[in-house]
2 protein chains.
Amino acid sequence: MCGMVEPTETGLPRAVTVAWGMQEVSQRGPNRGLSHERIVAAAIEIADAEGLAAVTMQAVATSLGFTTMSLYRYVSGKDELLRLMQDAAIAVPEQVTLPGDWRDALRSWAGLVRAAFRGHPWALEIPRGQVSVLMPSSVRAADLGLAALRELPLDDEEKVGVILVVSQHVTSTVELELNLADEGTVAVSREGLDLLGEVITPERFPHLAPVLQAGHFLDTRPAGDGVETEHGLDAEYDYGLDLIIAGLEQRVRDVSARVADDDA
Amino acid sequence: MCGMVEPTETGLPRAVTVAWGMQEVSQRGPNRGLSHERIVAAAIEIADAEGLAAVTMQAVATSLGFTTMSLYRYVSGKDELLRLMQDAAIAVPEQVTLPGDWRDALRSWAGLVRAAFRGHPWALEIPRGQVSVLMPSSVRAADLGLAALRELPLDDEEKVGVILVVSQHVTSTVELELNLADEGTVAVSREGLDLLGEVITPERFPHLAPVLQAGHFLDTRPAGDGVETEHGLDAEYDYGLDLIIAGLEQRVRDVSARVADDDA
DNA sequence: ACCTGAACACCGTTCAAGT
DNA sequence: ACCTGAACACCGTTCAAGT
């Protein structure tokens, strides 16, 4: 959560060197079979089952049959464990082949990233910064994202910008989905909505009040109406991705026009 | 962080009724001057100065000269306090007039939201779900966002989609900015980059490796090079917003064309 | 009605000690 | 080299008690 990252003697954060397998493993003396791989796997299992809050050093250790303090020989602290968990959780599958058309390719790349985070939504609660970007799964995802855009007449720097924007859209949508689910499907009842109508008046909120009244701002479907109202944000996800792709098409047209101009 | 939101007897989450001033305040008996307003203000002051992690019930209480437990008379728990803090922190200024052109209007609306979160970046660490959407500052922001789009020939539901996508772009960019700053400006040195080059090879990562080599994937500027290398993501912010707006322009053209078709 | 004191069941992390 | 036990300095929240 907090504070600077202390680099190793190599100049890289320890989580990065560990994840890439650059860390020398001391191997003399007794070995009771603990390792970061096992620790990370156990932690992920707990997070999947009970959420990230349930991942305490004690819970991880006891699930492996060791004491809490034994973990500190393999992991510098909880922060490093979280980073390693995140990296392991959001790995995109190997050996995927993307469609030829860049629009389809970008869409399926976004879908892969989305699926990865949806599979382990707690990974979103772990901050993603420069360190995350250097971790294997992030590097792999970036490489695949650039592959999706390889036919585009844009320079690499701009392509990096595109995959950043798209992945931010994907992750923030999944995050919102998760938050909505956490709060329960119906945070607001019919009578609650009426009460809100008294403070969210057309006078104070001229543009929003009608929308609220019409009902398609909030989900007021009662719980347990046959189908489990999944609160999926598929429509919003697709809509945003479509906007970005349409904007990108325009950008490509602009660039192509400029090249044609220069030729003339 | 966790779990369902328990609604009040009104059918609304308590944080919502408190924020809108719907909660009856018991006023008989002695009053030593504590209130949620004062508690929230004190908590925000701490968060601004020392980060959200420093906001403990004890820290807030002692900063006000009360014991920890006194807070529980005004606030149902830390969760509610956090929601109230978030709402108070990200309020968009009253009395703003947006430009007439919807592109400019949308851009300045996004700028207002961005400024609000940048002013209290810890607000991003507090989950935003359905409850947040019902809080005053969020309602106000949504109303203003719809105002920005009032000239657009799209239905309200789609406009809500647009402001959702834009605000997600804004918040995720600010969040990334924050995470980068937290990790310190230079997480990776020149020699660290060389070490990474040994695992991030052109064979394994054909598209990313050249980009990494070229250096415009990571910020490798040494710390203290005169100007404080702010790690601002202004370029990425603008680029994403431009893409969305360009996509929206296309969408408007499509809709207009369809209307013209129908007329013919 | 408002505030307090003591207690409960937790955290992550350190350090010296065992084998 | 690997693991343990005890301890430290914290959390949020409860409950009964004071005024």
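Reckoned from all heavy atoms, side chains included, excluding hydrogens, waters and symmetry mates. Lettering follows sequence order; numbering is per chain, from 1.
With sequence neighbours left out, the side chain to side chain donor-acceptor pair (under 3.5 Å) criterion links B/S137 to B/D87. Under the salt bridge (Lys or Arg N to Asp or Glu O under 4.0 Å) criterion, A/R204 pairs with no residue at all, not counting sequence neighbours. By the side chain to side chain donor-acceptor pair (under 3.5 Å) test, A/R140 is found to be paired with no residue, residues two or more places apart in sequence or in another chain being considered. The side-chain contact (heavy atoms from CB on, under 4.5 Å) test applied to A/D48 returns A/I44, A/H120, A/W122, not counting sequence neighbours.
Dashed line: the shortest gap from a side-chain N or O of B/Y72 to OP1 or OP2 of D/dG12 is not under 4.0 Å.
Using a 4.0 Å cut-off between a side-chain N of Lys or Arg and a carboxylate O of Asp or Glu, A/E183 and B/R128 do not qualify as a salt bridge. With salt bridges taken as basic N to acidic carboxylate O contacts below 4.0 Å, one links A/R114 and A/D234.
When the C1' atom of D/dC2 is taken as reference, atom CG of A/L64 falls 15 Å away, rounded to whole Å. Taking atom OH of residue B/Y74 and atom C1' of nucleotide C/dC3, one finds them 9 Å apart after rounding to whole Å. Here C/dT13 presents its C1' atom at 14 Å from CG of A/L81, a figure rounded to the nearest Å. Atom CZ in A/R73 sits about 17 Å away from atom C1' in C/dG12, given to the nearest Å.
Stretches of at least 3 consecutive Watson-Crick or G-U wobble pairs, with each checked distance under 3.5 Å, appear in DNA chain C as C:4-8 with D:12-16, C:12-16 with D:4-8.
In this structure, the side chain of A/W20 does not engage the main chain of A/A15 through any donor-acceptor pair within 3.5 Å.
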Got a list of protein N/O to nucleotides 6-11 of chain C N/O distances below 3.5 Å?
from   : atom 1 : to    : atom 2 : distance (Å)
C/dC11 : OP2    : A/Q58 : NE2    : 3.4

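Among the nucleotides C/dC2, C/dG5, C/dT14, the one closest to the side chain of B/T67 is C/dG5.
Using modelled atom types and a 3.5 Å distance limit, the side chains of A/S76 and A/E80 yield a donor-acceptor pair.
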